[in-house]
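Note that this is a predicted model, so its numbers are computed, not measured. Side chains are part of it too, since the values below use all heavy atoms of this structure and drop only hydrogens, waters and symmetry mates. So you know, we letter chains A, B, ... as the sequences are listed, proteins then strands, and number each from 1.
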Number of protein chains: 2
Amino acid sequence: MKRPTIADIARQAGVSKGAVSYALNGQPGVSESTRQRILAIAREIGFNPNSAARALSGATANAVGLALRRPARTLGVEPFFMELISGVEAELSARSYALTLQIVADAQTEIAVYRRWWGERRIDGVFLCDLRVDDERVPALEELNLPTVVIGGPGHTGRLASIWADEEAALVETVEYLVALGHRRITRIGGLPGLLHTEIRTEAFTEVCRRLGLDQTRTVPSDYTGEEGARVTRRLLSSAERPTALIYDNDVMAIAGLAVAQEMGLSVPADLSIVAWDDSPLCQLVHPPLTALSRDIPAYGAHAARRLLAAIAGDPITSYQDETAHLTPRGSTAPPRPTPPPTPSAI
Amino acid sequence: MKRPTIADIARQAGVSKGAVSYALNGQPGVSESTRQRILAIAREIGFNPNSAARALSGATANAVGLALRRPARTLGVEPFFMELISGVEAELSARSYALTLQIVADAQTEIAVYRRWWGERRIDGVFLCDLRVDDERVPALEELNLPTVVIGGPGHTGRLASIWADEEAALVETVEYLVALGHRRITRIGGLPGLLHTEIRTEAFTEVCRRLGLDQTRTVPSDYTGEEGARVTRRLLSSAERPTALIYDNDVMAIAGLAVAQEMGLSVPADLSIVAWDDSPLCQLVHPPLTALSRDIPAYGAHAARRLLAAIAGDPITSYQDETAHLTPRGSTAPPRPTPPPTPSAI
DNA sequence: CTGAAAGCGCTTACAG
DNA sequence: CTGAAAGCGCTTACAG
């Protein structure tokens, strides 16, 4: 049994295929009464427009692409992407757009995927994630003339549309809070170097520490994985002048850091305060619950999707600033234990 | 500048469009020398076949669909799906198949999505996740005649292909291990009731406990979320005869349970042993690291993808048993603390 | 407001 | 082994 086409509808309605097309797409060219008749028939016989035929006739593919360059195991534990994707999805499916997903190994493969998708007319636009400083994907996408929304910035996005958040403001709020609690020895465990938002945060951290006159602060690079977060934390907590507060660039590393503190017999928050960047439900599943920088990731994804659809529709390219993450204090931060007075033997 | 088509290649090569098509697709009908010439030209001018045109000519869509019915926040913290997807992806992209992803609210919407995708010829097949007992999606997909691989089973999959793992064997291994350690009061915190694998595990747990003569065991239903896992754990640990060992149906609940134990001043594993089902990297990021039921989820996804491609190719429908999860003992399990001898007043 | 027709870029019998 | 042609199911000017 063949699936119904507009020809079937046209035959049943006694009109031309063109009329059916106009009726189905809400175009002028048919009277309201025939439009209703046509729609009723379409519904009755379970008609779905063949997306290939539609795409071939110059219309859009009604799909957008998302290529992710992260190893499988990392992707799984990082709640960020699934939340982002679900926000993107909500917006896309409301407009009957499909999301095509691909996990890639490196930048060159990623660019090749974009080129192929676009060449095959499989998609109408793409999201660019994990923006890096001087990202080679940006000029490649510009050259392809492929509608794109960069999830990241500001800057380094060329002529592409972008959506970004103020990393600096969030970091300043966090550091000022820790300083207000009495912390001086604050270390930040940074995300993957080279990623734009990592670099922005690193610079902002250096800057705010200088402004506040803190001279025992620093950023230690890491890579967002729990394993590496644990390793770095173990090293930091083993040092002579160990920090009293740690800021982690994501929640997975923060959770790993908390476990290391427990493993080393340190009490959180009495001996060590911990702040997590990104506030997935994980932060509230550990004990003590983690103070975190929260923001609505699904909403971020939805905004990105809306801007990509606008870019596809030909709207002018813009850069959009999303909500700034705000500090949500929980049980992992407190004033540092007062330094014990020097023992006689130490004098 | 228009994107190149086979007509452009045909003109440059001085052959017909048909010849180009044969050459590109490795079909007989062109000599080896012209095939090479055509391929060289295609490469040179950066040709990509228009997937819409290809699909319209009766070929396949070269895409498969995956609809996920879980709330955004749950999806984000559950590492299982991202790992599954990355395994699926690896297999699909090796064969130039795209993955179309959609997050849906309920079963009816999900079925509607399948119907639309299939009607629009957007996909050649789908994965069915989170199989339930007497799942209404199964007959719907059978009726659509849409190539499907059910991720779950055995049973309840109708005439659809499926891939499943032996939940019972894994559960038996776990219970026997805990009993060998000396545990008698074992409680299992189950996943969402109604999901087939939840029900299979529940029945298997009852069965093995009966066989081993354990009469202080039970399953408490939950929903896979950390919040609910924490709530249930708090209640269990507050009861008079609290269990000495807990088996959680996923790792997120296990981690939440561990935090609750810590919050209530219980020592893991001395006062309480914990086993997590599914061994994502999260299990090793907490302290103590969790004993877990491990299996290779990306491999599971890859197998599922391979079977879906086979089903699309028209291979006979089969049910495939994947690797059984195996117990990976870590720091969260130990013999229970010996019960203190009854105090005189209790006699 | 409606109908007839061309065309999107492929694939695939069908002749030579 | 190769070429000319029909056809997939839509959309969209172009006539009436």
Quick check for you: among D:dG9, D:dT2, C:dG9, whose closest atom lies nearest to any side-chain atom of A:T5?
D:dG9
Sugar-phosphate atoms are those with a prime plus P, OP1 and OP2; base atoms are the rest. Using that split, label each nucleotide of nucleotides 11-16 of chain D B, S or - for protein heavy atoms under 4.0 Å, 5' to 3'.
BBB---
Measuring from B:I297:CD1 to B:R295:CZ, what's the distance to the nearest 0.5 Å?
4.5 Å
Does A:A13 offer a backbone N or O that forms a donor-acceptor pair with the side chain of A:R37 under 3.5 Å?
yes
Base, sugar-phosphate, or nothing: which does B:T34 touch, judged by heavy atoms less than 4.0 Å apart?
sugar-phosphate
Can you tell me if B:Q108 and B:E136 form a side-chain donor-acceptor pair at under 3.5 Å?
yes
When the distance from CG of B:L56 to C1' of D:dG9 is rounded to whole Å, what number comes out?
5 Å
Round to the nearest Å and state the distance from A:R11 atom CZ to C:dG3 atom P.
15 Å
Stretch residues 35-47 of chain B: residues that reach within less than 4.0 Å of DNA chain C through a heavy atom:
B:F47
Nearest 0.5 Å, please: how far is CG in A:L66 from CD1 in A:I151?
7.0 Å
Each stem that DNA chain D is part of, given as range with range (3 or more consecutive Watson-Crick or G-U pairs, under 3.5 Å):
C:1-3 with D:14-16, C:5-12 with D:5-12, C:14-16 with D:1-3
Once side-chain hydrogen bond (donor to acceptor under 3.5 Å, both in side chains) is applied, what residue pairs with a partner in residues 141-150 of chain A remain, sequence neighbours excluded?
none
Going by heavy atoms in the side chains, are B:V138 and B:L128 under 4.5 Å from each other?
yes
Sequence-distant partners of A:R54, salt bridge (charged side-chain N to carboxylate O under 4.0 Å, His left out), two or more places apart
none
Whether the side chain of A:N25 engages the backbone of A:Q27 through a donor-acceptor N/O pair (distance < 3.5 Å, no angle test) should be reported.
no
Please determine which of A:R115, A:R69, A:R132 meets the salt bridge (charged side-chain N to carboxylate O under 4.0 Å, His left out) test together with A:E110.
A:R69
Would you say A:L131 and A:W164 make side-chain contact, with heavy atoms under 4.5 Å?
no
In terms of the nearest nucleotide of DNA chain D, which residue is placed more toward the 5' end: A:N50 or B:G14?
B:G14
Under the salt bridge (charged side-chain N to carboxylate O under 4.0 Å, His left out) rule, collect the residues that match up with B:E89, sequence neighbours excluded.
none
